[in-house]
Undergrad: 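First, the structure itself, so that you have it in front of you.
These numbers were taken from a predicted model, which means no experiment stands behind them.
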Amino acid sequence: YKEEIEANLRTPGMGGFQLLDLHDYPGQGTALVGLLAPFWESKGYVTPAEFKAFCNTVVPLARLKQRVFTTADKLEVPVDVANYGPQALTNMTVIWRILDETGAGKAIGISNNHTIPIGKSRLEMISTDFKSLNLPAPGEYKLQIYLQNTSFTNNWNFWLYPSQISDAVPTNVLV
């Protein structure tokens, strides 16, 4: 759902989307279409807070071209916001962070004084060099973007690998 909803929110000219249903249909046969089981119980793969991050009146969006990087790569990500709230948001501060697997912050960027009109808009470009961040690799990380002093936040997992691997080949690996 996250990938499909975010793709819709990033697409110019798209006016919205409709989910078939929020729960599975328990009628004749099985229709596993929803986020919830037939009796409106959680299926356990997404919390309401996680769903609200990518399906809300205002949604920060990252245009990640890839989710796998090496320490030699540069992270360059355009940041969009889909605002379908009742009004434009003024004087907004956009904050992005890179979090490790434990949720600890490893990098942060702050951009001030944004006006976010109703609709879809491009705000800025995240641009940082993994080499200067000195993040341990290999590792799983999370890019988080949020609007300060609001509940509007969103995040995306990515993976970082060393740019060069050791020449030593383990003897217990068969390729």
Undergrad: Is any side-chain heavy atom of P60 less than 4.5 Å from a side-chain heavy atom of F54?
TA: no

Undergrad: Which Ile, Leu, Val, Met, Phe, Trp or Tyr residues join Y146 in one cluster when any pair of side-chain heavy atoms under 4.5 Å counts as a link?
TA: I95, I108, I110

Undergrad: Going by atom types only, do E50 and N155 share a side-chain donor-acceptor pair under 3.5 Å?
TA: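 The criterion, which ignores hydrogens and geometry beyond distance, is not satisfied for N155 and E50.
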
Undergrad: Using 4.0 Å as the upper bound for N to carboxylate O, is an ion pair formed by K106 and D100?
TA: yes

Undergrad: Hey, does N157 have a side-chain heavy atom less than 4.5 Å from the side chain of L143?
TA: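 No. Closest side-chain heavy atoms not under 4.5 Å.
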
Undergrad: Given salt bridge (charged side-chain N to carboxylate O under 4.0 Å, His left out), test E3 with R67 step by step and report yes or no.
TA: CA-CA 13 Å; E3 296 295 329; R67 299 277 184 108; 3.0 Å; yes

Undergrad: Could you name each residue pair satisfying side-chain hydrogen bond (donor to acceptor under 3.5 Å, both in side chains) that touches residues 129-138, not counting sequence neighbours?
TA: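 For residues 129-138, and leaving out neighbouring residues, there are no side-chain hydrogen bond (donor to acceptor under 3.5 Å, both in side chains) pairs at all.
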
Undergrad: Can you confirm whether Q148 sits close enough to M92 that some side-chain heavy atom of one is under 4.5 Å from a side-chain heavy atom of the other?
TA: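 Result no, sub-4.5 Å side-chain heavy-atom pair not found.
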
Undergrad: Can you tell if the side chain of F130 reaches within under 4.5 Å of the side chain of S163, non-hydrogen atoms only?
TA: no

Undergrad: Can you label the angle between the Y1 ring and the F51 ring as parallel, tilted or perpendicular, going by 30° and 60°?
TA: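 It falls in the perpendicular class, over 60°.
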
Undergrad: Give the C-alpha distance, both sets of side-chain angles, the deciding distance and a yes or no for side chain to side chain contact (heavy atoms under 4.5 Å, CB included) between Y161 and T71.
TA: CA-CA 6 Å; Y161 291 95; T71 53; over 6 Å; no

Undergrad: For L61, is there any backbone N or O sitting under 3.5 Å from a side-chain donor or acceptor partner on N154?
TA: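 Not at all, since once roles are kept as given, no pair shorter than 3.5 Å links the two residues.
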
Undergrad: Can you check side chain to side chain contact (heavy atoms under 4.5 Å, CB included) on N113 and T93, steps first, answer last?
TA: CA-CA 6 Å; N113 300 324; T93 298; over 6 Å; no

Undergrad: May I ask you to check whether E6 and W156 show a side-chain donor-acceptor distance below 3.5 Å?
TA: yes

Undergrad: Using side-chain hydrogen bond (donor to acceptor under 3.5 Å, both in side chains) as the criterion, list what pairs up with T128, not counting sequence neighbours.
TA: none

Undergrad: Going by heavy atoms in the side chains, are Y84 and V59 under 4.5 Å from each other?
TA: no

